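Labels below follow one simple rule: chain letters A, B, ... track the order of the sequence lines, proteins then strands, and each chain is numbered from 1. Keep in mind that what you see is a predicted model, and the values were worked out from it rather than measured. Every heavy atom of this structure was used, including side-chain atoms; hydrogens, water molecules and symmetry mates were not.
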Number of protein chains: 2
Amino acid sequence: MPLSGQIHRQLMDAILDGTLTGALPSERELAETFGANRHAVREAIKRLQQGNLVEVNQGGATRVLDIPAHAGLDLLPELVIARGTFNDEATVGVLELRACIGADAARLCAERSPHVGAQLLDLLPHDAMSDAELAATGAAYWTALVTGTDSLPYRLALNTLMAGLEAIDDSPTAKHFMAALRDESRRTADLELLARAITRSDPAAAHATATRLLNTSITAVRNAADRP
Amino acid sequence: MPLSGQIHRQLMDAILDGTLTGALPSERELAETFGANRHAVREAIKRLQQGNLVEVNQGGATRVLDIPAHAGLDLLPELVIARGTFNDEATVGVLELRACIGADAARLCAERSPHVGAQLLDLLPHDAMSDAELAATGAAYWTALVTGTDSLPYRLALNTLMAGLEAIDDSPTAKHFMAALRDESRRTADLELLARAITRSDPAAAHATATRLLNTSITAVRNAADRP
DNA sequence: TAGGGTTACTGGTCCAACCAGACAACGAGT
DNA sequence: ACTCGTTGTCTGGTTGGACCAGTAACCCTA
């Protein structure tokens with residue numbers, strides 16, 4: 001990993017930990033403590049700034065912002081694996097958000113792009129698939145569905161949420177989450193039902209089926225989290 | 001605006017225009033064409049990288065990524081005012097997303113934090129309010145409601161969506177959008193109904209009321225867009 | 001013609017300055 | 001003793017030039 005990337009990560013972790021609050025040390029100081037050049041530090045800070053984690057003032061100090069009040073959804077991947085360990089609460093939140101948006105996307109897709117239903121039928125999982133293939137097929141399924149909404153914001157929201165969920169892979173403490181998501185990808189019956197609802201332009205059925213499908217994972221994960 | 005910020009903006013615009021595709025010119029070239037130092041260019045590119053707009057490879061070229069496939073929701077502000085002029089289609093998408101998430105947040109808030117209802121009653125608009133006060137009160141209302149979901153992801157989603165809608169301010173071609181959003185903030189009756197549904201822990205009513213409230217703005221905006 | 005090595009390009013890092021804005025400490029005037 | 005302006009020193013912003021570290025294309029050889 002490039003040096004500026006390492007610095008970015010360490011600063012990010014410190015901010016999410018709460019280790020780093022208020023005013024950051026000066027760029028010159030940070031450069032010295034990290035044993036790096038000031039430019040490397042600046043590039044790291046530029047990325048934090050882009051993520052609305054810090055506020056930079058020429059002449060004044062760079063300050064850490066209140067995360068819940070200022071950060072955007074692109075923080076999800078960091079949140080899910082914050083503090084080095086897996087963060088159950090945040091991940092359930094991501095799944096809830098996904099259920100809400102996914103169901104609405106299904107509705108819009110049924111309204112606007114019924115022809116996508118046929119594509120979705122080609123993206124149903126088989127029993128013979130490996131875990132990796134399963135994940136890829138699942139991602140392709142939802143990508144196609146969301147593309148059918150004809151709405152770039154929905155598409156971007158899917159990207160952001162999937163990035164958040166992919167962060168789970170990096171954490172060994174999250175096996176039950178992975179398992180629950182795999183189980184969801186294997187629910188061929190519901191996935192097919194959803195595809196057919198879209199094909200026949202039935203927004204209400206699409207919404208209902210998607211809600212059921214996506215909420216099942218949430219309860220599965222909740223149960224697994226309670227008895228680990 | 002800092003120089004690196006200007007460069008960032010120009011590159012971003014060129015990417016969203018489709019003017020800039022495939023491989024970017026080298027950092028040294030860009031520095032020369034912008035009449036700036038290479039470090040300034042690098043900082044701009046670091047921000048593009050953080051937004052998943054470009055892919056940087058040491059030794060190889062920096063390439064523009066496929067935006068719908070890779071960018072995240074934090075791109076919304078840029079999207080709404082892309083190409084210098086206002087982008088109706090994207091903005092309607094943002095409103096739809098907001099309606100979907102806002103209604104779900106209302107449901108969760110009613111389930112988990114009924115006490116927030118009282119706060120919301122204090123954040124109802126008065127007739128005497130100026131446009132700025134109205135906007136501030138509206139923002140505070142939804143912030144309090146989303147905080148009641150006890151879910152950081154929902155909070156971050158709100159931040160991202162509000163950032164997208166605030167970008168409208170910068171565009172003079174979007175008066176009808178501004179007007180529609182102001183009208184929404186003035187719908188005291190529905191806002192109060194929603195607050196009371198939350199107070200009495202009635203998720204279904206909260207969801208329904210929020211949906212009605214938020215969808216009204218969408219149709220209002222659609223009508224205004226058709227007859228400008 | 002197929003292979004490998006050289007070379008010219010890419011981004012990554014460093015150093016050492018200097019510019020520009022903010023802010024606090026200090027001293028003159030009241 | 002208090003107020004207010006000046007000034008010094010801190011902050012981030014920008015510059016130039018140099019070198020390291022990869023990639024990829026090119027050319028020369030077997």
Self-check item: Given dG12(D), dC14(C), dG12(C), the nucleotide with the shortest approach to the side chain of A36(A)
Solution: dC14(C)

Self-check item: Atom pair distance, as rounded to whole Å: CD in E43(A) and P in dG12(C)
Solution: 8 Å

Quiz item: If you find the nucleotide of DNA chain C closest to G35(A) and the one closest to G60(A), which residue's nucleotide is nearer the 5' end?
Solution: G35(A)

Quiz item: Where the side chain of R42(A) is concerned, which of dT13(C), dG13(D), dT15(D) is the nearest nucleotide?
Solution: dG13(D)

Quiz prompt | Listed nucleotide nearest any side-chain atom of L3(B), set dT13(C), dT15(D), dG12(D) | solution = dT15(D)

Quiz item: Applying the salt bridge (charged side-chain N to carboxylate O under 4.0 Å, His left out) test to R38(A), which of E43(A), E32(A), E27(A) qualifies?
Solution: E27(A)

Exercise. Find which nucleotide of DNA chain C each of N37(A) and E29(B) is nearest to by heavy atoms, and output the residue with the more 5' nucleotide.
Key: E29(B)

Exercise. Look at the side chain of R28(B) against the base of dG11(C) and say whether a donor-acceptor pair falls under 3.5 Å; ignore hydrogens and angles.
Key: yes

Quiz item: Shortest non-hydrogen contact from R112(A) to T149(A)?
Solution: NH1-O, 2.9 Å

Practice problem: Among the candidates dG12(C), dA16(C), dG13(D), find the nucleotide nearest to the side-chain atoms of R38(B). | Solution: dG12(C)

Quiz item: Any side-chain N or O of T62(A) less than 4.0 Å from the OP1 or OP2 oxygen of dG12(D)?
Solution: yes

Quiz item: Could one point to a donor on the side chain of N57(B) or the base of dG11(C) with an acceptor on the other under 3.5 Å away?
Solution: no

Self-check item: Any V146(B) side-chain heavy atom under 4.5 Å of C109(B) side chain
Solution: no

Exercise. Find the distance E32(B):CD to dT14(D):P and express it as a whole number of Å.
Key: 19 Å

Quiz item: What about H39(A): does its side chain form a donor-acceptor pair under 3.5 Å with the base of dG12(C)?
Solution: no

Quiz item: Would you call R63(A)-E55(A) a salt bridge at under 4.0 Å N-O?
Solution: no

Practice problem: Write down the distance between CE (M1(A)) and C1' (dT13(C)), rounded to a whole number of angstrom. | Solution: 16 Å

